[in-house]
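The structure under discussion appears below in the form of structure tokens.
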Amino acid sequence: MVNARAGAVGALLLLAAPAPAAPARDVHLATLAARLFPHLRGLPTSPARQRRRDACAGRAACLVEAAVWRDDERESMARRAPDDAEAVRREIDGLNEVLRVYGVGKLPRYPLVDGSDEPFGSPAFAAKVADAAMLADVQRDDPAVAGDYSLSLALALLDANDKDAAVAFEPLDARFNAAALAKARGVDWSRFRYAAIVALGVGPDDLVTPLSARGKVNVRLAAERFAQGLAPFIIVSGSAVHPRDTRHVEAFEMQRALIDRFGVPAAAIVVEPYARHTTTNLRNATRRLHALGAPLSQDVLVVSNVGHIDAIVSPAFATRNQAELGYQPGTITRRPSPNEAVFRPLAASLRYDPIDPLDP
């Protein structure tokens, strides 16, 4: 009888005990990891990499150096995933770039836009790295960063520096382009000379002005060509880029001006708020065309100020695309006017394979 009662009490205690808790899942962290490093989650930590990390004894700068992937380690991981070997290599290279720029102080490709806000070598820079190392440690059990410590640390460095622009507007089409996507389902693309008019963003020189004078030129050009019936949509492309730390997103400012000043229907405007450079303006515009269901075999009219178009039609632009993207997002076929270029998109733009993870 005593044993029966003891067994019953034990069973009640087991029922009352809390179940093992699942790790807290950070949705923002998961979105950033999936966007920037989709093939790296779950990569195992080799004994050699673990020894390098353990030898740091928690010192933040040392942990960053230990997290950087060496060439032989990168190749070993690539061989583990033969179907995705190139993607693994590119993403590890990108992850190393984040570690070196935000954790070591390497000069980024675009120092006016990227990099820590704290001066390299300063106590504030070291404190930022230490904060990121602490963040990486407390989120180590999050399923979003399962695997090698380097993934958690790279994302923590971006997070500590508030450099999350790669996912700032997700889910992009559901949040900002739903009306345009609904309209696109009924579009007869063959009725239009161009699949879209792409208006490029041009940032102002100060943090106060929402839309620069050159940006206003681009908006007017796009509104005029739209009014002529040349295309069913205007794609406004540009992020919060210039000047550094601006809160004004070029695409949204152009969208607002098109609606408020020119009466362009909101459903005819596609917002592309991620591009920070002309290379990604055209690449990302191609991705939005694909989302609309537009035929990529149809030309696109790009409008901007004369100097911007000069750069786009120059041979140097193709060289820059190859260096920064690793491919051509399309071809420039002609220049109808000083302010216009005709762009034929290429499906290469639909691949997710950024060389620069800060500009996906």
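Start at 1 with the first residue, then count along the sequence.
Shown are Leu301, Thr331, Thr333, Val302; of these, the side chain to side chain contact (heavy atoms under 4.5 Å, CB included) with Phe343 is made only by Val302.
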Begin with the C-alpha distance, continue with both residues' side-chain angles, and end with the deciding distance and a verdict on side-chain contact (heavy atoms from CB on, under 4.5 Å) for Val113 and Arg276. CA-CA 9 Å; Val113 178; Arg276 303 184 306 155; 3.1 Å; yes
Give the intermediate values and the outcome of side-chain contact (heavy atoms from CB on, under 4.5 Å) for residues Val264 and Gln255. CA-CA 9 Å; Val264 176; Gln255 178 196 41; over 6 Å; no
Test salt bridge (Lys or Arg N to Asp or Glu O under 4.0 Å) applied to Arg35 and Glu170, step by step: CA-CA 10 Å; Arg35 181 71 181 268; Glu170 293 305 301; 3.3 Å; yes
Take Glu73 and Arg52, measure what salt bridge (Lys or Arg N to Asp or Glu O under 4.0 Å) needs, and give me the verdict at the end. CA-CA 13 Å; Glu73 293 170 340; Arg52 289 207 304 271; 2.8 Å; yes
Please step through salt bridge (Lys or Arg N to Asp or Glu O under 4.0 Å) for the pair Arg335 and Asp310, ending with a clear verdict. CA-CA 10 Å; Arg335 185 177 189 173; Asp310 284 344; 2.8 Å; yes
What's the verdict on side-chain contact (heavy atoms from CB on, under 4.5 Å) for Val241 and Thr246, showing C-alpha distance, side-chain angles and the deciding distance? CA-CA 7 Å; Val241 184; Thr246 182; 5.8 Å; no
Start with the C-alpha gap between Arg256 and Glu253, add the side-chain angles, then the distance that decides, and say whether salt bridge (Lys or Arg N to Asp or Glu O under 4.0 Å) holds. CA-CA 5 Å; Arg256 186 175 297 112; Glu253 299 301 339; 2.7 Å; yes
Verify side-chain contact (heavy atoms from CB on, under 4.5 Å) between Leu200 and His308, making sure each step is shown before the conclusion. CA-CA 9 Å; Leu200 303 182; His308 208 171; 3.5 Å; yes
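Other residues, nucleotides and ligands contribute at most 12 non-hydrogen atoms within 6.0 Å of the CZ atom of Arg80.
Sorted by first and then second residue, the ring-ring contact (aromatic ring centres under 6.0 Å, His included) pairs with a member in residues 209-243 read Trp189-Phe233; sequence neighbours excluded. Listed by first then second residue, pairs satisfying salt bridge (charged side-chain N to carboxylate O under 4.0 Å, His left out) with a partner in residues 222-243 read Arg220-Glu224, Arg225-Glu340, not counting sequence neighbours. Sorted by first then second residue, the ring-ring contact (aromatic ring centres under 6.0 Å, His included) pairs that include residues 124-158, not counting sequence neighbours, are Phe120-Phe125. Legend: salt bridge (charged side-chain N to carboxylate O under 4.0 Å, His left out) pairs involving residues 185-214, not counting sequence neighbours: none detected.
With hydrogens and angles left out, the side-chain atoms of Ser152 and Gln139 include a donor and acceptor closer than 3.5 Å. Between the side chains of Ser150 and Asp148, a donor-acceptor pair is found at a separation under 3.5 Å. A side-chain donor from one of Asn218 and Ser304 sits under 3.5 Å from a side-chain acceptor of the other. No side-chain donor-acceptor contact under 3.5 Å links Glu118 and Tyr102.
Judged by distance alone, the side chain of Thr280 and the main-chain N or O of His277 form a donor-acceptor pair under 3.5 Å. Distance alone, capped at 3.5 Å, places no donor-acceptor pair between the Thr279 side chain and the Asn321 backbone. No donor-acceptor pair closer than 3.5 Å links the side chain of Arg25 to the backbone N or O of Ala144.
Considering CZ of Arg89 and NE2 of His39, their distance stands at 12.5 Å, rounded to 0.5 Å.
Electrostatic pairing of Asp93 and Arg90 does not count as a salt bridge here, judged by no charged N lying under 4.0 Å from a carboxylate O. The pair Arg334-Asp299 does not meet the salt-bridge criterion, since no charged nitrogen lies less than 4.0 angstrom from a carboxylate oxygen.
Ser237 meets the side chain to side chain donor-acceptor pair (under 3.5 Å) test with Glu272, Asn281; sequence neighbours excluded. With sequence neighbours left out, Arg244 forms a side chain to side chain donor-acceptor pair (under 3.5 Å) with Asp117.
Because its NZ or CZ atom is both nearer than 6.0 Å to the ring centre of Trp69 and within 45° of the ring axis, Arg49 counts as a cation-pi partner of that residue.
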